[in-house]
Amino acid sequence: LATIHAYSILQPSKIAGIEVISAKFQTLVSNTKKKPYDILETRNVKKEFEKDFEVFQDQLRGINDQILAFIDDSIDKVKTSTGTMDLMQRFKNLNLNFMEDVIRQKYMVVIERYHKELDKIQKHYEQVHKTPPYPNNYPDLAGKICWSRQLIEMIRKSDRINDECEDMGLKLKDFAEGRKVIKQRNKLIMVLLEYELIQKRKWGESIEEVKQGIQATLLVTQNDKLFVNWDPKIAEIASSVSIMKRLNIGAGDLGILCF
């Protein structure tokens with residue numbers, strides 16, 4: 001009865017494809033219940049019961065093997081570390097004891113995939129950090145800061161990976177691959193934070209330049225001709241102010257001057 005109760009979790013599971021295995025288990029249970037004796041009363045039908053129970057156990061082992069193969073196949077179909085981690089969490093929630101060691105081992109797949117994702121992020125940074133991709137309506141400095149923060153957010157997936165591993169009694173630092181991940185993660189975040197700091201410094205320098213332009217006389221005369229004293233940077237900085245505010249980067253009193 002304990003076995004039937006434990007495996008009944010398969011039926012309501014929303015893991016795509018597991019319903020086939022669940023149906024096989026339900027058939028096994030149904031066939032067992034059809035036996036012409038009360039499976040709780042084993043004394044008078046000991047030999048028959050033991051034979052049927054051995055068949056039940058053998059078929060259950062077959063179902064276990066199918067579940068393990070299903071786990072491998074499902075993981076192979078998912079390519080990202082977060083997708084793999086979400087899938088492993090769903091398998092973990094089934095709470096089937098025979099799966100525990102397998103699931104613990106599969107978390108190494110999550111770490112390996114995350115390591116590859118870090119490599120891609122690092123290469124991407126090295127290739128485009130001077131002219132990174134960002135929305136067309138973003139000024140250069142604001143766009144670069146948004147881009148770097150998006151990369152940091154992607155990198156910080158490791159925080160969740162580490163938490164999930166600890167729930168399984170694992171720690172990233174206990175594995176060679178995990179230690180490499182931690183080292184690369186920290187290095188990349190430091191590089192991106194320094195990159196953002198550089199953009200902030202440039203932003204501050206631009207503010208000081210534009211302040212002078214805003215405070216200067218708008219119309220000036222030269223050789224009896226009237227000219228508009230307009231610094232093109234003013235428009236760019238003005239459009240950056242609202243974006244910088246969303247990024248919690250102060251604009252000093254420039255926001256008041258521009259708006």
Side-chain angles (χ1 to χ4, degrees), residues 9-10 12-22 64-135 143-196 247:
I9 191 68
L10 295 175
S13 174
K14 300 299 182 182
I15 300 175
I18 205 169
E19 64 275 4
V20 176
I21 300 174
S22 176
N64 288 349
D65 290 341
Q66 285 183 298
I67 292 175
L68 296 179
F70 177 70
I71 291 174
D72 287 338
D73 184 60
S74 298
I75 290 176
D76 287 342
K77 292 177 181 178
V78 181
K79 302 304 178 184
T80 65
S81 61
T82 51
T84 306
M85 186 167 55
D86 289 340
L87 182 60
M88 294 311 303
Q89 184 62 46
R90 296 174 75 182
F91 280 122
K92 177 187 171 187
N93 289 341
L94 294 176
N95 290 319
L96 294 175
N97 292 334
F98 79 94
M99 291 169 50
E100 187 171 329
D101 289 339
V102 174
I103 291 175
R104 183 179 286 107
Q105 294 170 7
K106 292 302 180 182
Y107 269 99
M108 288 303 301
V109 177
V110 177
I111 297 173
E112 290 168 1
R113 290 180 179 177
Y114 177 65
H115 196 180
K116 290 180 181 178
E117 290 166 5
L118 285 179
D119 287 338
K120 289 181 180 179
I121 292 173
Q122 182 172 339
K123 290 178 182 178
H124 176 66
Y125 172 81
E126 292 170 351
Q127 291 171 352
V128 305
H129 69 279
K130 292 182 179 179
T131 55
Y134 52 77
K144 286 179 176 177
I145 292 174
C146 285
W147 172 75
S148 67
R149 289 192 178 184
Q150 287 173 353
L151 293 186
I152 289 174
E153 186 64 26
M154 293 170 63
I155 291 169
R156 281 182 169 155
K157 289 188 297 187
S158 65
D159 296 338
R160 184 183 166 202
I161 292 174
N162 188 60
D163 291 342
E164 293 286 350
C165 286
E166 288 190 353
D167 286 344
M168 293 296 297
L170 306 172
K171 292 184 179 180
L172 287 177
K173 65 181 181 180
D174 291 339
F175 305 94
E177 188 79 11
R179 290 190 291 272
K180 290 179 182 177
V181 162
I182 293 172
K183 183 177 180 180
Q184 187 175 11
R185 169 206 186 269
N186 293 342
K187 180 180 177 181
L188 273 173
I189 287 180
M190 290 299 296
V191 168
L192 288 166
L193 290 175
E194 177 65 23
Y195 178 86
E196 179 177 325
L247 297 173

| Under the 3.5 angstrom rule, does the side chain of K130 hit a backbone N or O of Q127 as a donor-acceptor pair? | no
| query | How about Q184 and D119: does a side-chain donor come under 3.5 Å of a side-chain acceptor? | reply | yes
| said: Would you compute the distance between atom CZ of R149 and atom CZ of R156 and round it to the nearest 0.5 angstrom? | reply: 10.0 Å
| request: Locate the shortest heavy-atom distance separating K144 from Y134; write the atom from each residue and the value. | output: N-CD2, 4.0 Å
| Nearest-0.5 Å distance, CG of residue L193 to CD1 of residue I152 | 4.5 Å
| Just by modelled atom types, is the L188 backbone N or O under 3.5 Å from a matching donor or acceptor in the Q122 side chain? | no
| said: If I take atom CD1 from residue I182 and atom CG from residue L118, how far apart are they, to the nearest 0.5 angstrom? | reply: 11.0 Å
| Separation of I155 CD1 from Y114 OH (nearest 0.5 Å) | 6.5 Å
| query | Has the side chain of H129 got a donor or acceptor atom that lies under 3.5 Å from a matching backbone atom of Y125? | reply | yes
| For T80 against T84, the heavy-atom pair lying closest together | O-OG1, 2.7 Å
| remark: Sequence neighbours excluded, the answer for side-chain hydrogen bond (donor to acceptor under 3.5 Å, both in side chains) partners of E153 is none
| note | Closest heavy-atom pair, I9 versus L94, reported as atoms and distance to 0.1 Å, is CG2-O, 3.4 Å
| remark: For S148 and I145, the nearest pair of non-hydrogen atoms, with its separation, is OG-O, 2.9 Å
| request: Determine, step by step, whether I111 and H115 satisfy the side chain to side chain contact (heavy atoms under 4.5 Å, CB included) criterion, reporting the C-alpha distance in whole Å, the side-chain angles of both residues, the deciding distance to 0.1 Å, and the verdict. | output: CA-CA 6 Å; I111 297 173; H115 196 180; 5.6 Å; no
| task | With rounding to the nearest 0.5 Å, note down the distance linking CZ in F91 to CD1 in I15. | result | 4.5 Å
| E177 atom CD, over 12 foreign heavy atoms within 6.0 Å | yes
| message | Students often mix this up, so state it plainly: with edges at 30° and 60°, are the rings of W147 and Y195 parallel, tilted or perpendicular? | response | perpendicular
| request: Classify the side-chain pair Q89/N93 by whether it contains a donor and acceptor separated by less than 3.5 Å. | output: yes
| query | Is it true that a side-chain atom of R113 and a backbone atom of V78 form a donor plus acceptor pair closer than 3.5 Å? | reply | yes
| Min side-chain heavy-atom separation H124-L151 under 4.5 Å | yes
| message | I'd like to know if the side chain of E112 reaches the main chain of V110, judged simply by a donor and an acceptor atom lying under 3.5 Å from each other, with no hydrogens or angles considered. | response | no
| said: Between the side chains of K106 and D72, is the shortest nitrogen-to-carboxylate-oxygen separation below 4.0 Å, so that they form an ion pair? | reply: yes
| field | Close side-chain approach of K92 and M99, heavy atoms under 4.5 Å | value | no
| Spatial distance of atom CG (L10) from atom CD1 (I18) [nearest 0.5 Å] | 5.0 Å
| said: When you compare the side chain of I71 with that of I75, does any pair of heavy atoms fall below 4.5 Å? | reply: yes
| request: Determine, step by step, whether K77 and D73 satisfy the salt bridge (Lys or Arg N to Asp or Glu O under 4.0 Å) criterion, reporting the C-alpha distance in whole Å, the side-chain angles of both residues, the deciding distance to 0.1 Å, and the verdict. | output: CA-CA 7 Å; K77 292 177 181 178; D73 184 60; 3.3 Å; yes
